[in-house]
Amino acid sequence: MDAYDKGSDARHGPAGRDRPDPPAALPDRVDAPDGRPGPRTPPSGPGRPADGSDAARPPAVPGAEGDARISGAEPEALPSGTGPGAPADPGSLPGHGPGPDHVPSAGPRTEGPEPVTTDLSRPRTDVAGPDTGVPGPSTGVAGPGTGVAALSLGYRIGAAVALVAVAVGVCVHLGMTFLHVAPSNTVSKEHGETVENWIYPEFEQNWKLFAPNPLQQNIAVQVRAQVRTADGQVRTTGWYDLSAQDGRAIDGNLLPSHTQQNELRRAWDFFVSTHDNDNRPVGLRGALSETYVRRIAALRLDRADAAGPGGVVERVQLRSRTANVPPPEWSGERISTTPVHRTLPWWSLPEDEARGGIA
């Protein structure tokens, strides 16, 4: 029937129409069929099924009853109208909506767990991550080092020693170069021989690029050898164009080496500047330049296998072929383009150089 009907055909108790009947007296016990005393049966009433089951009871929390017994605390009193015997809200019964005069209860709400949302469009703020602003758990362990810090102590010491050695070498080289190009001073006069031994022949400095009349010549250095073959005969090879070999190595090479570009050219310039027109050395540097050019020639012949199987290079001879660069067509300058040769005498090779020991 409808709980909001004003008139009802139900029987009313003796207490009156607006009062419910008093609960019936509890029997002491219900005896089992075999005569044994059974447990007391609670009466049925509002909020409890007639069969005495506990289906209407709220689910018990594990351990709550035991904790209450141990601590001796009394359970909290439930708000009025929320006990197991209170009548159910008609709006909460299936098939019955809230009535026209139903007003939501303003009583205290029992705090429960926050519902889990499945809406993926909203970012979660309770999960640590790079985009949530919530810091993640700290392990307290530092991450592995990088760079030099990741090396062991021995490798760190080795790296430090190598760095110091490179820095010292660079500083010494810069100092020697400065003393070489700087005007004559007390330090360069005192240590002039040491500076020259450091600079020549690899690090020689000159100003030909910035001269008023830059070098406008093509100079090719060529060499030939006198070879003793395996059967004891002596033969003379043809001329090897060493400058042309360097040119072929540089042509099309994005990163040509220093030796391909400068070794032979600087060695020949060094020889010419320390010898007169009769190819006689001038000063102590003349003998040094002669040895330098001879070693380069022996090394290049060994690479070209000029001696052949079982042969030995005994002597070498060098010459230069110098030709002026033709002027442009719009220039009125007239110069000779006929090549000029400068041939040096034969030089005997020491045993280590003759057998390619300098390689």
Side-chain angles (χ1 to χ4, degrees), residues 165 169 172-173 176 180 192-206 219-250 256-322 340-359:
V172 171
H173 178 71
M176 292 292 187
H180 175 69
E193 183 177 358
T194 303
V195 173
E196 290 184 357
N197 292 337
W198 179 275
I199 294 296
Y200 294 107
E202 287 83 1
F203 308 116
E204 181 185 4
Q205 307 291 320
N206 61 69
I219 301 176
V221 180
Q222 302 171 351
V223 64
R224 64 178 180 176
Q226 192 174 78
V227 180
R228 182 174 297 278
T229 61
D231 56 1
Q233 298 181 0
V234 177
R235 65 180 178 87
T236 303
T237 66
W239 290 100
Y240 290 86
D241 195 337
L242 305 183
S243 298
Q245 294 177 4
D246 289 346
R248 287 192 296 268
I250 295 173
S257 66
H258 175 73
T259 57
Q260 293 171 345
Q261 298 180 84
N262 302 316
E263 181 185 51
L264 182 63
R265 178 181 61 84
R266 300 294 299 276
W268 186 254
D269 290 345
F270 184 32
F271 177 85
V272 172
S273 62
T274 56
H275 286 73
D276 58 17
N277 293 331
D278 295 329
N279 299 321
R280 291 177 298 187
V282 178
L284 298 177
R285 295 178 58 197
L288 177 62
S289 64
E290 180 178 327
T291 302
Y292 185 43
V293 173
R294 188 188 70 237
R295 283 175 173 263
I296 292 176
L299 180 61
R300 298 292 184 89
L301 290 172
D302 182 69
R303 290 177 181 175
D305 195 18
V312 177
V313 177
E314 292 184 341
R315 298 195 302 172
V316 296
Q317 186 181 30
L318 286 92
R319 74 177 183 181
S320 66
R321 181 181 181 275
T322 305
V340 177
H341 293 84
R342 179 178 181 175
T343 305
L344 307 183
W346 286 91
W347 292 335
S348 298
L349 297 182
E351 184 178 359
D352 58 342
E353 296 181 10
R355 298 184 180 277
I358 60 174

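Keep in mind that the numbers below use all heavy atoms, side chains included, and drop hydrogens, waters and symmetry copies. Bear in mind the structure is a predicted one, so any value in this text is a computation, not a measurement. Positions are given from 1, in the same order as the sequence printed here.
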Under the 3.5 angstrom rule, does the side chain of [X] hit a backbone N or O of [Y] as a donor-acceptor pair?
{"X": "Asp302", "Y": "Ala298", "answer": "no"}
{"X": "Ser243", "Y": "Val221", "answer": "yes"}
{"X": "Thr343", "Y": "Arg319", "answer": "no"}
{"X": "Glu314", "Y": "Ser348", "answer": "no"}
{"X": "Thr259", "Y": "Glu263", "answer": "no"}
{"X": "Asp276", "Y": "Asp278", "answer": "yes"}

Which value, rounded to the nearest 0.5 Å, describes the distance between [X] atom [atom1] and [Y] atom [atom2]?
{"X": "Trp347", "Y": "Gln317", "atom1": "CH2", "atom2": "CD", "result": "10.0 Å"}
{"X": "Arg295", "Y": "Leu349", "atom1": "CZ", "atom2": "CG", "result": "10.0 Å"}
{"X": "Arg294", "Y": "Leu318", "atom1": "CZ", "atom2": "CG", "result": "10.5 Å"}
{"X": "Glu290", "Y": "His275", "atom1": "CD", "atom2": "NE2", "result": "5.0 Å"}
{"X": "Leu242", "Y": "Arg265", "atom1": "CG", "atom2": "CZ", "result": "15.0 Å"}
{"X": "Asp269", "Y": "Asn262", "atom1": "CG", "atom2": "CG", "result": "10.0 Å"}

Exercise. Would you name the heavy atoms of Val234 and Gln226 that are closest together and state the gap between them?
Key: CG1-CG, 3.5 Å

Practice problem: Take Thr237 and Arg235, measure what side-chain contact (heavy atoms from CB on, under 4.5 Å) needs, and give me the verdict at the end. | Solution: CA-CA 7 Å; Thr237 66; Arg235 65 180 178 87; 3.6 Å; yes

Quiz item: Going through the checks in order, is the side-chain contact (heavy atoms from CB on, under 4.5 Å) test met by Tyr200 and Arg266?
Solution: CA-CA 10 Å; Tyr200 294 107; Arg266 300 294 299 276; over 6 Å; no

Quiz item: More than 12 heavy atoms of other residues, nucleotides or ligands under 6.0 Å from CZ of Arg321: is that the case?
Solution: no

Exercise. Inspect the surroundings of CG in Asn277 and state if more than 12 heavy atoms from other residues, nucleotides or ligands are less than 6.0 Å away.
Key: no

Quick check: do [X] and [Y] have side-chain heavy atoms less than 4.5 Å from each other?
{"X": "Thr322", "Y": "Arg342", "value": "no"}
{"X": "Ile296", "Y": "Tyr292", "value": "yes"}
{"X": "Val282", "Y": "Thr274", "value": "no"}
{"X": "Phe203", "Y": "His180", "value": "no"}

Quiz item: Do the charged groups of Arg300 and Asp246 touch, with an N to O distance under 4.0 Å?
Solution: yes

